[in-house]
Trainee: 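Got a structure here, written out as structure tokens. Questions coming.
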Amino acid sequence: MAFRIGQGYDVHRLAENRPLMLGGVEVPHPLGLMGHSDADVLCHAVIDALLGASGLGDIGLHFPDTYPQYKNMSGLSMLNIVADLLAKNKYTVENIDATIIAQEPKLTPYKEKMAENISRVMKVPAHAVNIKATTEEGLGFTGAGEGIAAQAVCLLRKVNEK
């Protein structure tokens, strides 16, 4: 058995007339995230962590923003594709830990549902997914309310074929 660690990061600009999707949860807010897909920075960071740990590239390789079939695709749908890819390559998720960086809105009421969504798609126990949220105390582009970012780390286990 081999263990592999992955790290992911994503950021999107806040924009009008877009829903704010985080971890597959529509969070009430006057602004949403701009992107080719639904711009779910949490799912995107988790995807990059998983792909990195498995050595299978990154989100841009698997979901190019120049392909029309990915237009407005949900982060959870993308995560589901990655879950299938990991299973095909004999990887299982030990845990995922992620942090959303946003000055607003307050995300505490939504973190549990985000974790549930990710654990359901990845077919892992709820305790294997942890979601945190923080502000940047008014500093930087997230602190100024211009965008939202997310970071994720994961631990995968490669199941040996016998």
Side-chain angles (χ1 to χ4, degrees), residues 1-12 14 18-29 31-63 65 70 72-136 142 147-160:
M1 229 180 319
F3 290 96
R4 296 180 57 113
I5 297 169
Q7 177 268 331
Y9 175 81
D10 194 43
V11 61
H12 284 276
L14 285 161
R18 294 276 299 187
L20 177 55
M21 300 302 298
L22 294 169
V25 175
E26 186 168 348
V27 177
H29 191 60
L31 301 173
L33 294 169
M34 182 181 297
H36 183 69
S37 67
D38 70 354
D40 186 330
V41 293
L42 176 56
C43 285
H44 294 184
V46 169
I47 288 168
D48 260 347
L50 295 167
L51 290 171
S54 62
L56 295 171
D58 62 23
I59 195 169
L61 175 68
H62 293 273
F63 305 98
D65 64 6
Y70 302 127
N72 295 319
M73 183 180 235
S74 79
L76 287 179
S77 294
M78 296 164 76
L79 189 59
N80 191 56
I81 292 168
V82 171
D84 290 344
L85 183 63
L86 292 176
K88 177 182 167 192
N89 285 274
K90 308 277 190 235
Y91 286 101
T92 60
V93 174
E94 291 293 316
N95 78 301
I96 296 168
D97 186 40
T99 303
I100 304 165
I101 305 152
Q103 195 62 35
E104 57 179 41
K106 296 298 180 196
L107 298 173
T108 298
Y110 310 101
K111 293 186 306 183
E112 185 176 333
K113 181 62 177 164
M114 293 174 197
E116 287 173 9
N117 287 344
I118 293 169
S119 68
R120 177 179 39 80
V121 169
M122 296 309 302
K123 298 176 180 73
V124 299
H127 70 268
V129 178
N130 187 59
I131 307 299
K132 304 178 300 293
T134 189
T135 69
E136 289 195 301
T142 58
I148 294 177
Q151 298 177 353
V153 294
C154 70
L155 179 65
L156 298 184
R157 180 171 40 94
K158 176 89 172 186
V159 180
N160 291 334

Trainee: Name the residue from Asp48, Ile5, Leu50, Leu51 that meets the side chain to side chain contact (heavy atoms under 4.5 Å, CB included) definition with Cys154.
Mentor: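 Testing Cys154 for a side chain to side chain contact (heavy atoms under 4.5 Å, CB included) against Asp48, Ile5, Leu50, Leu51 leaves exactly one candidate, Leu50.
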Trainee: State, to 0.1 Å, how close Gly23 and Cys43 come at their nearest heavy-atom pair, and which atoms those are.
Mentor: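 Scanning both residues, the minimum pair turns out to be CA-SG, 3.9 Å.
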Trainee: To the nearest 0.5 angstrom, please state how far the CD atom of Gln151 sits from the CG atom of Asp10.
Mentor: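 Answer for the CD-CG pair, Gln151 versus Asp10, is 11.0 Å.
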Trainee: Could you check if a side-chain atom of Arg120 sits within less than 4.5 angstrom of a side-chain atom of Leu76, using non-hydrogen atoms only?
Mentor: yes
Trainee: Taking all atoms of both residues into account, what is the closest heavy-atom pair of Met114 and Ile100, and its distance?
Mentor: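 In this case the closest contact between Met114 and Ile100 is SD-CD1, 3.6 Å.
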Trainee: Measure the shortest side-chain to side-chain distance between Met78 and Ile59 over non-hydrogen atoms and say whether it is less than 4.5 angstrom.
Mentor: yes
Trainee: Could I get the full list of side chain to side chain contact (heavy atoms under 4.5 Å, CB included) partners for Pro125, not counting sequence neighbours?
Mentor: His127, Ala128
Trainee: What distance do Arg4 atom CZ and Leu155 atom CG have between them, rounded to the nearest 0.5 Å?
Mentor: 11.0 Å
Trainee: As a test of understanding, state which of Ile96, Ile131, Val121 forms a side chain to side chain contact (heavy atoms under 4.5 Å, CB included) with Val46.
Mentor: Ile96
Trainee: Supply the atom-to-atom distance Asp97 CG to Asn130 CG, rounded to the nearest 0.5 angstrom.
Mentor: 5.0 Å
Trainee: Between Thr142 and Gln103, what is the shortest heavy-atom contact and its length?
Mentor: O-CB, 3.3 Å
Trainee: Could you measure the distance from the OG1 atom of Thr99 to the CG atom of Leu107? Nearest 0.5 Å is fine.
Mentor: 11.5 Å
Trainee: Around atom CD of Glu112, are there more than 12 heavy atoms of other residues, nucleotides or ligands at under 6.0 Å?
Mentor: no
Trainee: Looking at Lys158 and Asn89, would you say the former's side chain and the latter's main chain have a donor-acceptor pair under 3.5 Å?
Mentor: yes
Trainee: Looking at Asp40 and Gly24, would you say the former's side chain and the latter's main chain have a donor-acceptor pair under 3.5 Å?
Mentor: yes
Trainee: Flag the pair Tyr110 / Pro28 as yes when at least one side-chain heavy-atom distance between them is below 4.5 Å, and no otherwise.
Mentor: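 Tyr110 reaches Pro28 side chain to side chain.
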Trainee: Identify the heavy atoms of Thr135 and Lys106 that sit nearest to each other, and give their distance.
Mentor: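 Heavy-atom minimum between the residues: CG2-NZ, 4.0 Å.
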Trainee: Side chain to side chain donor-acceptor pair (under 3.5 Å) for Asp65 and His36? Distances and angles first, verdict last.
Mentor: CA-CA 6 Å; Asp65 64 6; His36 183 69; over 6 Å; no
Trainee: Within this structure, what is the OG-NE2 distance for the pair Ser37 and His12, rounded to the nearest 0.5 Å?
Mentor: 5.5 Å
Trainee: Within the 4.5 Å heavy-atom criterion, are Lys111 and Val25 side-chain neighbours or not?
Mentor: no
Trainee: Could you check whether any side-chain heavy atom of Leu33 comes within less than 4.5 Å of a side-chain heavy atom of Arg18, counting everything from C-beta outward?
Mentor: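 Heavy-atom side-chain distance check fails, nothing below 4.5 Å.
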Trainee: Is there a side-chain contact between Asp38 and His44 in this structure, where contact means two heavy atoms from C-beta onward sitting under 4.5 Å apart?
Mentor: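 Of all side-chain heavy-atom pairs linking His44 with Asp38, at least one is under 4.5 Å.
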Trainee: Quick check on side chain to side chain contact (heavy atoms under 4.5 Å, CB included): which of Ile101, Leu20, Val27 does Ile148 satisfy it with?
Mentor: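 One option only clears the test, and that one is Leu20.
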Trainee: Nearest heavy-atom pair of Leu85 and Leu56: which atoms, and what distance?
Mentor: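 Closest pair (atom of Leu85, atom of Leu56, distance): CG-CD1, 3.8 Å.
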Trainee: Could you tell me which non-hydrogen atom of Tyr91 sits nearest to which non-hydrogen atom of Ser54, and how far apart they are?
Mentor: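 That closest heavy-atom pairing would be OH-O, 3.4 Å.
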Trainee: Sequence neighbours left out, what passes side chain to side chain contact (heavy atoms under 4.5 Å, CB included) with Leu31? Give chain and number order.
Mentor: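 Expected list: Leu14, Glu16, His29.
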